[in-house]
Novice: 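To start, I am sharing the structure in question, which I have written as structure tokens.
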Amino acid sequence: MNTALRIATQPASWLLAGIALMSPAVLPAASMAELAELSRKSTFEVVLPKIESAQVTYEKPLPLELLSYTERNDKYWSIGTAFAIAPDVFVSNAHVLIAGMGSAMGHPHLRDAAGQVYAVDRVLKFSLHEDFVVFRAKGANAAQALTPGRETPIGARVFAVGNALGEGVVLRDGLLTSLTPEDQDGRWKWLRFSAAASPGNSGGPLLDEHGQVIGVVTARSEGENLNYALPIERVLAGSERRANIDLRSSFGLPILRQQMVMEFKDEFSLPASWEDFGRHLFAAIDRQYATNQQRLLQQYAQELPPGGKADRLLAGMERDKALALIGQQSDDNWGLTDPGNEELTELSDGSKLTTGNLQGALTFKWWRPGAAADPSLYSDASAFMDTLLKGIKLPRMIGPQAIRITSLGAPQEGTLHTDRFGRTWQLRSWSLGYADMQLVTMALPVPNGYRGLMQFTTAVGHSSVTAGLKLMADYMHVSYEGSAAQW
């Protein structure tokens, strides 16, 4: 470990005590020009490679000329900011790098002021609840690293540096306005500041008037220009051996009205390569979802059908429901919930497609004509999605124009899921190609077409979304109907 990194990882109290001994005369306030030059040498964009899938087709050629010159020609998507605390050691927000984890677009990269890019390749520190990550990027060396600042008084002038709106690193000034306790347990105090912060500023440094870093810009305030930064001493004091997760939130399931408090606590070893880090984090997310789903289902095991209050539901259930979810109602009794906001599309081959929404998922009911179904209907995944797109009307925005997607091509993955009733669903996932999103479908073949669920997700949320759709499939009431030929 080099000397610069050893100094950077000393306990914050030691570091700040040492800095406090310095005379203000040693560190005169820097000019805006000096701060801008320091920012250029120490601060980087975090970017993802752009990938256009050849499988995605549109209703007409994309009017790319409506995009700005930079957006049209840039080979990368800009997603945030990072800065150097040693020549080859960088800091950003955890949520910035997680946005590129498992991406179909590849590794997140750093991009310097000269346009050179460097792939993130090793994670040194990570705290999800404090929202920071310390890492290295292959071949990247900052022309100048930032030094940690002294304690900054309320009312002092500060500077937010970052990749504002994805248009390059900029410097904006304001005041340090207050120290606000962290929401969950008050374990630290956020630095609140009035310097402007825009989407893309996440992960950038908050500088004092001497050009020293005092915090990591983390979040914007809604409705007011008072933004949040994590004190840099939280980063410096972070563990070099373990990645830490310690979050608390509400957790619920689509079939239950009640929710519970979820404690998401986990850790794994560091340092780690980017690939290993991603595997460990995905595994932790999977464990968290599975554990909390099991806890909530066990807590209400006596309520779940068959049995308990659900017996009355099963005795009087409407049999001709094409698609409905078995779940708790507002009075705690069990009932059927129909999809809402349904829209009917009549297709050229005489079939009908109804789309709606249900407990956070999109629904579809696809009725084929009275003749026998084409056997390829249930095996051709590309044709299946092409038909769905006629109903869900998925657009891609190019400037002010919404260009409809007509095909997503073949799915990235496909498997079968057998629910607790023994019904076999087709579980498939498509990449949108132009965006770091996936469309997951859970489709049940029936004699006269399909019934099913679908949901959009990021790569990080893919496993949780899939688990949620599987649970909904276990509690979906679907009526089977069709002509003799279809049966």
Novice: Taking atom types as modelled and ignoring hydrogens, do the side chains of S269 and R242 form a donor-acceptor contact shorter than 3.5 angstrom?
Specialist: yes
Novice: Between the side chains of R396 and Y58, is a donor N or O closer than 3.5 angstrom to an acceptor N or O?
Specialist: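 A donor-acceptor contact under 3.5 Å links the two side chains.
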Novice: The criterion is ring-ring contact (aromatic ring centres under 6.0 Å, His included); which residues satisfy it with F364, sequence neighbours excluded?
Specialist: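 Testing F364 for ring-ring contact (aromatic ring centres under 6.0 Å, His included), a comparison that skips the adjacent residues, returns F384.
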Novice: For R257, enumerate each residue passing the salt bridge (Lys or Arg N to Asp or Glu O under 4.0 Å) test, keeping only those at least two apart in sequence or located in another chain.
Specialist: D332
Novice: Any ring-ring contact (aromatic ring centres under 6.0 Å, His included) involving residues 253-273? Give me the pairs, sequence neighbours left out, ordered by first then second residue.
Specialist: F268-F277, F268-H280
Novice: Please say which of T337, L296, L304, I326 ends up in a side-chain contact (heavy atoms from CB on, under 4.5 Å) with I255.
Specialist: L304
Novice: I'd like to know if R157 and D173 make a salt bridge, using a cut-off of under 4.0 Å between side-chain N and carboxylate O.
Specialist: yes
Novice: Who passes side-chain hydrogen bond (donor to acceptor under 3.5 Å, both in side chains) against T406, sequence neighbours left out?
Specialist: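 Scan of T406 (side-chain hydrogen bond (donor to acceptor under 3.5 Å, both in side chains), adjacent residues dropped) gives T57.
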Novice: Show me the donor-acceptor pairs within less than 3.5 Å that the side chains of residues 59-66 make with the rest of the protein, sequence neighbours left out.
Specialist:
unit_1 : atom_1 : unit_2 : atom_2 : d
E59    : OE2    : R404   : N      : 2.9
K60    : NZ     : Q401   : OE1    : 3.1

Novice: Any donor-acceptor pair under 3.5 Å linking the side-chain atoms of D286 with those of S463?
Specialist: yes
Novice: Give a yes-or-no answer on whether the side chains of E413 and H462 include a donor-acceptor pair shorter than 3.5 Å.
Specialist: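 Yes - a donor-acceptor pair under 3.5 Å links their side chains.
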Novice: Considering residues at least two apart in sequence or located in another chain, which fulfil the side chain to side chain contact (heavy atoms under 4.5 Å, CB included) criterion with A164?
Specialist: V170, R172, S198, N201
Novice: Do you know which of V213, L38, V217 makes side-chain contact (heavy atoms from CB on, under 4.5 Å) with P205?
Specialist: V213
Novice: Are R187 and E182 close enough for a salt bridge, meaning some N to O gap below 4.0 Å?
Specialist: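 Salt bridge flag = yes for E182 with R187.
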Novice: Between R279 and E275, does at least one N-O distance fall below 4.0 Å, as a salt bridge requires?
Specialist: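 The answer is no: the pair does not qualify as a salt bridge.
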Novice: Should the ring pair H129 and W188 be called parallel, tilted or perpendicular, given that the plane angle runs from 0 to 90° and is split at 30 and 60?
Specialist: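 Geometry flag for W188 against H129: tilted rings.
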Novice: Once rounded to the nearest 0.5 Å, what's the spacing between atom CE of M262 and atom CZ of R248?
Specialist: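 Going from the CE atom of M262 to the CZ atom of R248 covers 10.5 Å.
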